[in-house]
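The block underneath contains the structure these notes are about, expressed in structure tokens.
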Amino acid sequence: MIMNADSTNIPTADHTVPSPPSDEAQTLHQVQTVLNQTLSQLSQMKSDMDEIKQRMSEMESKLQQEQELKCKYFEAMARNDDWEYSAEVPDIDYWTDRGFDMEGAELQHEFLEDLKADTTSLRWGKHTSRLSSYNRDISENFQIARHDESMLPHWREFAAAIEQYQHTLRYIPQTSLPDDLEISECDGWEGGSLDCRLSLVRVELPREVRDILTPVLKNTHFMQLDLSGNNFGEDGVRFAIQCLESNPMLTNFSWNSNCISSRRSLDTLSRAIHDHPSLENITLRRIDGLDDEENTEIDGYDVLETIIHGDKSRNFKRIGLQSNDVYSRGNALLSDFLATNPKLRVLDLYWNRLNDTDAPLLANALRRNSNLEHLNLQVSLMSKESGYPFLEWAVFDRESLNSVSDSNHSCHLVLEIEDPIVCGFVNTWGSPKQNRSYKIYSMLASRNRERSNVEHLHSECAISIQLLPDILVSVQSYNEYHIESSKGRARDSVEPLSIVYEMMRGWGIESVYEFTADVSRSAKRQKI
């Protein structure tokens, strides 16, 4: 036998089979696994317990705070056992002797009577959603309660009541609500608290009155502030800014028919609104005046630009800038803002100067916005021929069923045109889904009058007869949201049966029969 000289040096492979782990090793591994699972569970339980402790601590703190508020509330009520309104309300003759006609004298007298009633209500914690020195008749007749020295004691009483009432703003017992006021009617009702509103409407507020109110308002946290028709000057702007800066809880702010003559003051007020941490709803109506240096009109677009600039503007839910000469000069800031789909639900630009150049920009923005629910563009420079068609296209593009489906279904446009389908009722039928369904049915109904539904479906969507059952079901579904003409919200009413008949007839009974027979034969083959 011939052997290789080096064969003795060739290593041989080790074919030894490793021994299985011992029972002891397996047991240790299992114990370690169980131990790890137990430690993980204990860690999770500890995390859950820490979270529960945190929540309990927060609840305890909240309950303690509510208890303190209750104590302050009842202490305040107890202090009023011997309280009497000290100011005297002048009679009608007092005002006529000072040159008021009979109507003006009655309004002055009624205002002080209302202020006395509001002060008394505050003293007894019976106010629900407003601190008010506001006279409805004065507001409706566009007359102002003029200041007089005899009013100062009444303002002091009112301020003292507010100072006491500030401790009870976050706790008002349900028993203090008026008999005719339901809880559901009160904004902000939550856990025994109500949003509080300070309305100073159609009442003159000179420096003497503001000096009385300012100190107590700095420490009073209310949710809504309404300053309207107060015959303010520049000092009034400072008063409003002080109220804004000292009240981080404020959510609603209104400044209406108060002249701002300085562009500097207007910019300062606009920035204070923009920078406020919790404001959601703002109304600035008729900011009239002339610039103190350049003698040019106040530009409402500058106000709008300041308010909606930056990330903070995304918290606003309602912006009203009615009658403020808003003129964009082709600037796309507003449309760009709306195209980001912010939280804004209402934008009221009634009686401003937006024009046909703004219309396509706003229309494109609306196509990408699903949050805006109301856009008022009445009394603008937009024309029915050049501007409005773009806005109509945004909310109801009638080119095809697909374009209708892609339209904006959430925003109700208020325009100055006679077509109620566009400006009066589009997107007012309920949810966006309901609005979309109504428009689609309206398109089907309109084409039914021309017997052109099948033709359009073939040309727009290349729909085959296999989809006919789904289409017929959709017709009935869309009809559920169709508003009948008897309710005055559609010019003509078309019954769904008429549309169904048109489609059956348009596709042809023979085609439908053949399709049904094919489906039947296919079903039989599947059974076999």
From CA spacing to verdict: side-chain contact (heavy atoms from CB on, under 4.5 Å), Y388, E416: CA-CA 9 Å; Y388 287 165; E416 286 186 292; 3.7 Å; yes
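Under the 3.5 Å distance criterion, with hydrogens and angles disregarded, a donor-acceptor pair is assigned to the side chains of D48 and Q44. Using a 3.5 Å distance cut-off with no hydrogens or angles, the side chains of R436 and S405 do pair a donor with an acceptor. For the 3.5 Å distance criterion, the side chains of D226 and S228 qualify, holding a donor opposite an acceptor.
In this structure D302 satisfies the side-chain hydrogen bond (donor to acceptor under 3.5 Å, both in side chains) test together with R263, sequence neighbours excluded. Here H374 pairs with H412 under the ring pair (Phe, Tyr, Trp, His ring centres under 6.0 Å) rule; sequence neighbours left out. Y301 meets the ring pair (Phe, Tyr, Trp, His ring centres under 6.0 Å) test with no other residue; sequence neighbours excluded. For N315, the side-chain hydrogen bond (donor to acceptor under 3.5 Å, both in side chains) test picks out no residue, with sequence neighbours left out. Residues passing the side chain to side chain contact (heavy atoms under 4.5 Å, CB included) test with H276, sequence neighbours excluded: L244, L250, S278, L279. Applying the side chain to side chain contact (heavy atoms under 4.5 Å, CB included) rule to R271 yields the partners D267, T268, D275, T306; only residues at least two apart in sequence or on another chain are considered. In terms of the side chain to side chain contact (heavy atoms under 4.5 Å, CB included) criterion, residue partners of R318 (sequence neighbours excluded) are, by chain and number, N281, T283, Q322, V346, D348. Partners of Q41 according to the side-chain hydrogen bond (donor to acceptor under 3.5 Å, both in side chains) rule, which considers only residues two or more places apart in sequence or in another chain, do not exist here. By the side-chain hydrogen bond (donor to acceptor under 3.5 Å, both in side chains) test, S386 is found to be paired with no residue, residues two or more places apart in sequence or in another chain being considered. A search for side chain to side chain contact (heavy atoms under 4.5 Å, CB included) contacts involving N408 returns L366, V395, S410, C411, N427, not counting sequence neighbours.
To the nearest 0.5 Å, atom CG of residue N369 and atom OG1 of residue T340 are 7.5 Å apart. The OG atom of S403 sits 9.0 Å away from the CZ atom of F396 when rounded to the nearest 0.5 Å. Distance check, rounded to the nearest 0.5 Å: CE of M503 to CD1 of I499 gives 6.5 Å. Summarising the geometry, atom CG belonging to D356 is positioned 8.0 Å from atom OG belonging to S380; distances are rounded to the nearest 0.5 Å. The line from CG of D358 to CG of N331 is 9.0 Å long, rounded to the nearest 0.5 Å. Taking CG of D311 as the start and NE2 of H309 as the end, the distance is 9.0 Å to the nearest 0.5 Å.
Looking at L377 and L362, their side chains come closer than 4.5 Å, going by heavy atoms from C-beta outward. Residues L372 and L347 have side chains in contact (heavy-atom distance under 4.5 Å, counting atoms from C-beta outward). Proximity of I308 to I319: side-chain heavy atoms (C-beta onward) are separated by under 4.5 Å at one or more points. Between K343 and N371, the closest side-chain pair of non-hydrogen atoms is not below 4.5 Å. A heavy-atom distance below 4.5 Å is found between the side chains of I307 and L284. In this structure the side chain of L381 never reaches within 4.5 angstrom of the side chain of L354, judged on heavy atoms. At a threshold of 4.5 Å between non-hydrogen side-chain atoms, the residues M382 and L415 do not count as touching.
The backbone N or O of S442 sits nowhere less than 3.5 Å from a side-chain atom of S446 that would complete a donor-acceptor pair. Looking only at distances, a side-chain donor or acceptor of R451 sits under 3.5 Å from a matching main-chain atom of N448. One N or O on the side chain of N352 and one on the backbone of N324 form a donor-acceptor pair closer than 3.5 Å.
Pairs passing the ring pair (Phe, Tyr, Trp, His ring centres under 6.0 Å) check and including a residue from residues 249-271, sequence neighbours excluded, read F232-W255. Sorted by first and then second residue, the ring pair (Phe, Tyr, Trp, His ring centres under 6.0 Å) pairs with a member in residues 318-367 form an empty list; sequence neighbours excluded.
A pairwise comparison of heavy atoms in V303 and S270 identifies CG1-OG, 3.5 Å as the closest pair. Residue P277 comes nearest to P248 through the heavy atom pair CG-O, 4.1 Å, listed as atom of the first residue, atom of the second, then distance. For G506 against V454, the heavy-atom pair with the smallest separation is CA-CG2, 4.0 Å. The shortest non-hydrogen separation linking S383 to P389 is O-CD, 4.5 Å.
Here the rule is side-chain hydrogen bond (donor to acceptor under 3.5 Å, both in side chains) with N453, and of E502, R447, H458 only E502 fits it.
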